[in-house]
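Here's a structure for you.
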There are 2 protein chains.
Amino acid sequence: MRGSSVGEWPPAWRSTHQRVAVLGALSGCRDFVSARELHATLTLEGTTVGLTTVYRTLRALEQGGRVDVVRERTGERLYRPRPTDGHRHYLVCRRCGLSRTVDADAVERWADNVAAATGFAEVEHTVELTGICEQCHAVTPS
Amino acid sequence: MRGSSVGEWPPAWRSTHQRVAVLGALSGCRDFVSARELHATLTLEGTTVGLTTVYRTLRALEQGGRVDVVRERTGERLYRPRPTDGHRHYLVCRRCGLSRTVDADAVERWADNVAAATGFAEVEHTVELTGICEQCHAVTPS
DNA sequence: TTCGTTGCAAAAGGTTTGCATACCA
DNA sequence: TGGTATGCAAACCTTTTGCAACGAA
């Protein structure tokens, strides 16, 4: 979305072992994960972090534009570290969760045009693509 | 409003006064409404309908593809009757909720191309556009 | 009469908050 | 030391479900 400054989030961001752990675990994820999954992973690793802290950290990252967020059908939020600057769009497998970055220039251009044509200001867009990846589809086509 | 030639999703769809009321109230909405708002509206009108029934009716309409659904930032679902067949995309004002149908052929084509190029099956897409409408922006630019 | 539908209450599920404690800078 | 971060428990919100009563066909 437009207008999010990617630089520095909270004025004072302390480096605690919990935050480092959350960031580390998140970085290790290639696909989208929920706060609960992240918390479970950390716990299994032996890291002591509260679920609340995971939520708070993810929210801070989200506000800072450092992660991409999609919503499950249930409303649950799934997070993924943002590879580079600017936002990305993904195609996520509904079966296994595999995510794949897709080229979304066409959508970006379209969104810009809509913004210009409608008179709306501060137009932001969310695009979510889901499907069944080749592997999953091979196992159970329908 | 007219409800006779409605469609036929659930194998057996009984016409109860509650369902007629929900459909009527929903039809009267030009913009997106939540289940709670719909329920409140009906209650104010003097119609006795349970919140549960509103949810169930909306879910049935959603499954039958008779309403468009968007998600609030909070995760809350907002519904709007679908004008015609085929799904639509909207540009919604974050201040007043005003919604506007936008031409989304470009996005449809792009989604189809992505589906074809990635090997994913049953690709579905969700596109949500939000902004500040001209009126609201005139009142408080930022 | 039959069986889908309703509504209340309670559960579920995810996310946020209050508040006392712990700890980084 | 000062003020931020943490974590537990409880609160919140929206949505779903169990179940007995109801009512359309």
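So you know, we letter chains A, B, ... as the sequences are listed, proteins then strands, and number each from 1. Keep in mind that this is a model prediction, so the values were computed, not measured.
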From CD of A:E37 across to P of C:dG13 the rounded distance in Å is 15 Å

Salt bridge (Lys or Arg N to Asp or Glu O under 4.0 Å) involving B:R59 - partner list, sequence neighbours excluded = none

Within residues 36-58 of chain B or reaching into it, pairs that qualify as ring pair (Phe, Tyr, Trp, His ring centres under 6.0 Å) - sequence neighbours excluded = none

What class does the angle between the rings of A:F32 and A:Y90 fall in, given that below 30° is parallel, 30 to 60° is tilted and above 60° is perpendicular?
-> perpendicular

Difference in axis direction between the ends of the helix from C:dT1-D:dA25 to C:dA25-D:dT1, five pairs, 10° = 30°

Within this structure, what is the CG-to-P distance between B:L38 and D:dT14, rounded to whole angstrom?
-> 14 Å

Quick one: ring pair (Phe, Tyr, Trp, His ring centres under 6.0 Å) pairs with a partner in residues 97-117 of chain B, sequence neighbours left out?
-> none

Sequence neighbours excluded, which residues qualify as salt bridge (Lys or Arg N to Asp or Glu O under 4.0 Å) partners of B:R94?
-> A:E122, A:E124

Could you tell me whether the side chain of B:H125 reaches within less than 4.5 Å of the side chain of B:V114, counting heavy atoms only?
-> no

Has A:Q18 got a side-chain N or O lying under 4.0 Å from the OP1 or OP2 atom of D:dG7?
-> yes

Give one of base, sugar-phosphate or nothing for B:T74, where a contact means two heavy atoms less than 4.0 Å apart.
-> nothing

Let me have a per-nucleotide readout for nucleotides 15-25 of chain D, 5' to 3', with B, S or -, counting only protein heavy atoms under 4.0 Å.
-> BBB-----BB-

D:dG7 phosphate, OP1 or OP2, under 4.0 Å from A:T53 side-chain N/O | yes

Which whole-number value in Å describes the distance from A:L58 CG to D:dT6 C1'?
-> 15 Å

For the pair made of CG in A:L23 and P in D:dA5, what is the distance, rounded to whole Å?
-> 13 Å

Do A:R71 and A:E76 touch side chain to side chain, with heavy atoms closer than 4.5 Å?
-> no

Is there a path from A:V49 to A:L58 through hydrophobic residues (I, L, V, M, F, W, Y) whose side chains come within less than 4.5 Å of each other?
-> yes

